[in-house]
Structures are given as structure tokens and as C-alpha cells.
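The shown structure was predicted, so the numbers you read here are calculated from the model rather than taken from an experiment. To find a chain, count down the sequence lines: A is the first, B the second, and so on, and within it residues start at 1.
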Amino acid sequence: MNVIVMGCGRLGSRIAGMLDAEGHSVTIMDINENAFRRLPEGFRGRRAIGNGMDAHTLEKHGIQQADAFFALTQGDNRNCFASQMAREVYGVKRVLCRIYDPVREEIFRDLGLETFSPTSFGAQIMVDMLRKEPARK
Amino acid sequence: MYILIAGGGKVGFHLAEELLREHHEVLVIERDSGRAAQVREELGGNVMVGDSCEATTLDAAGVSRADLVAAVTGDDEDNLVICDISRYRGVPRTIARINNPKNELLFTKRGIETTISATQAVLAQIEQELPTQQMIPLLQLHNGLELIEIKLPETSPVAGRSVREVLLPAESLISLIVDPGGVPRMPSGDTRLSPGDALVIVSRKESLGILKEQLIGSTHGLDT
């Protein structure tokens, strides 16, 4: 699969590394070159410096041939915007979008994006943890 | 009509002012509380402090009964999200200000009406061509007139000439010259132009390219 990952933070770099290790063709994109330091050693994918919300940049880095697009910047709106662009303008089949704000996440899921909110997901897991017995020795 | 305006900057403020004059019910949502206070002072009580990208803010503003939402912040991604959420809440008509003309297609595909800021479009064009920004759009006036500032570079083709000798495009006027020392002067025909002078010019949008060439000169051969 051709995969573009926008945002080389902790999550983006990790996902890019995992998919690369699985043998996919990965392009990781970030506006800050320094962010690529987070990529695992031996990462074979392409590192692209640029803004994933810019149509020209997306085209330059092969959005038209992409099978999947991950929107993982720190900004919910930037992620929504880039995801809509990938899906609506370039017809990318799988567009996965992180949205911190749970309310916004629900709305954009209803609007057809594949969304993930670390906030609601994390909250649920931690509340479940509290309900269970602690794993003490 | 009940009209929500997201963004209380220059565009949002003037839009609200105009719509209130036409007796619409208007609410401006502005994120920055200082700016919101300024707008409130000018408009009366038609301002709310909040982030329009949050559905809860839009709900508190009564988005579901709005006839129109105008998203006019300076960020295209924010404007898209505001319009998307508004439509999701059942608003029949949404209009977004676009700052980057390249984004128009996406908004159209999402069923959002758009308006491109002419000044921004010109600026974007110019920025691509100039190593440094020597022409700054200041204000859009009525009837297609614009107020711009041009700083004369060392290599300006008009350096050393008098204002009278410079044949500007039709309906263009040098209205003020600020010299490198920061002293403003009203130019006369005899005023000599020097590098470093900042010229405040009234002109038409379509003449900006010619003005740039006349006063700044060709940028070919410069490093970009």
C-alpha cells in the first residue's frame, strides 16, 4: 500500500515506522525537518518537508497514488481539513483522522471520515482501569 | 434572518455592521476576548467570546436556528470546520472566506459557498515572485480601489526621479511618502523619489502588477 502520514509526532512517527516495517511504501510529512528525528532507526520511507494542507505539496508527494492517508498533526482543524482534501479532492480510499475534541470527532465521523479521538478513548480506558483491581504483587 | 459570524476581525466586523444596518439579527463569535470587547464597543451587545470551531460554542450561539453562518476567520481550516459543523447542525446556508485561493475546490465540494479575499489573492501571487515583500496591500476601498504600500528598493527604476516624471497607471495616486527616517510627506510633482521611501498608493486591483514593475522593477536575476 502507498501510505502518506501527515505529522511526524509521537503517533505519526510510530505509525510510519510500523507500516514501513510491514513493507508498505510510506511517505511521512512534516513542516519541521527536526520532527523526523523521532522516526525509528532504519526507516526506509520518504521524508517530506511540507504542509499537508497545501494541495500542491500533497500532489508533489503522490497523494493521487495514495491508498491511505493519516492526518496526525496537533491541530484538530488541520487534520479535518487535510482529511477532507484527501478524500473529496483526491479520492483517497482510506483516510484516517485524529481529532482530540470528542464532540468534533463524533460530528466528523458522521460526516464520513474515519476518526479517532485519543481523548474519549483514553478516558474510557482509564476509567476501566480504575474499576479493576490494581495489578500488585 | 439570524446570521452567525465566526471571526471578529476586520472582515467579520464590517460584515456585522453592514448586516445590522439591514436589520438582520447578528451575532459575532470571536475567540480573543480583547478583540471581542473592541467589537462589542462598536456594535453593542452582538458579540460572544468563544471558539467557533467548538460545537458547544456554536450550540450556545443558537446555531440550529441560524439561517446563515459566515465563517470569516483568517484560517481556512477553521472556516471549513465551522461550516461543516454548522451544516451538520442543520444550517441551510454557509459561506466561508478563503485565504488561499487553491482551497476553493474543497469548499465547493463540501457544499460551502466561498468568497476569496482579493487582497490575499494578490498578495499570494506577489509573494511567490518577490524575495522579500516590497508591496503590502493595506486596505480594500470601495469600487475595486485598493490602498497599498510599496517600499522602493535600491534598484528601483524610479529612484532619483520626480513624481511628475513617473507615469502611473490610470486611477493610481501616490498619496503619501514616508522617508527612511519615518517622516511622512505629501508628495508634489517636484518631490524626488529615493530608495527606502515607502509610498502609500491608491490604485486599482488590476493595476498592481504594473505598479510593481514600474516602482520595484523586474525581479529577474535575483535569488529566490
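Counting heavy-atom pairs closer than 4.5 Å to chain A, the top residue among B:R110, B:R87, B:R89 is B:R110. Across B:D75, B:N103, B:I82, the residue that shares the most heavy-atom pairs under 4.5 angstrom with chain A is B:N103.
The only member of A:D101, A:N77, A:I107 that meets side-chain contact (heavy atoms from CB on, under 4.5 Å) when paired with B:V81 is A:N77.
Heavy-atom neighbours of B:R21 CZ from other residues, nucleotides or ligands within 6.0 Å: above the threshold of 12. A 6.0 Å sphere centred on CD of B:E22 holds more than 12 heavy atoms belonging to other residues, nucleotides or ligands. Other residues, nucleotides and ligands contribute more than 12 heavy atoms inside 6.0 Å of the CD atom of A:E22. Applying the 6.0 Å contact sphere to CZ of A:R14 captures no more than 12 heavy atoms from other residues, nucleotides or ligands.
Contact residues of residues 78-92 of chain A toward chain B are A:R78, A:C80, A:F81, A:Q84, A:M85, A:R87, A:E88, A:V89 (heavy-atom distance under 4.5 Å).
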Problem set entry | Candidate pair A:D54 and B:N100, rule side chain to side chain contact (heavy atoms under 4.5 Å, CB included), full reasoning | CA-CA 9 Å; A:D54 180 77; B:N100 182 347; 4.1 Å; yes

Problem set entry | A:L111 and B:D84: CA distance, side-chain angles, deciding distance, side chain to side chain contact (heavy atoms under 4.5 Å, CB included) verdict | CA-CA 9 Å; A:L111 287 172; B:D84 266 340; 4.1 Å; yes

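If you measure heavy-atom distances from B:L106 to chain A, the contacts under 4.5 Å come from both the backbone and the side chain. Both the backbone and the side chain of B:D76 have a heavy atom closer than 4.5 Å to some heavy atom of chain A.
The CD atom of B:E77 sits 3.5 Å away from the CE atom of A:M53 when rounded to the nearest 0.5 Å.
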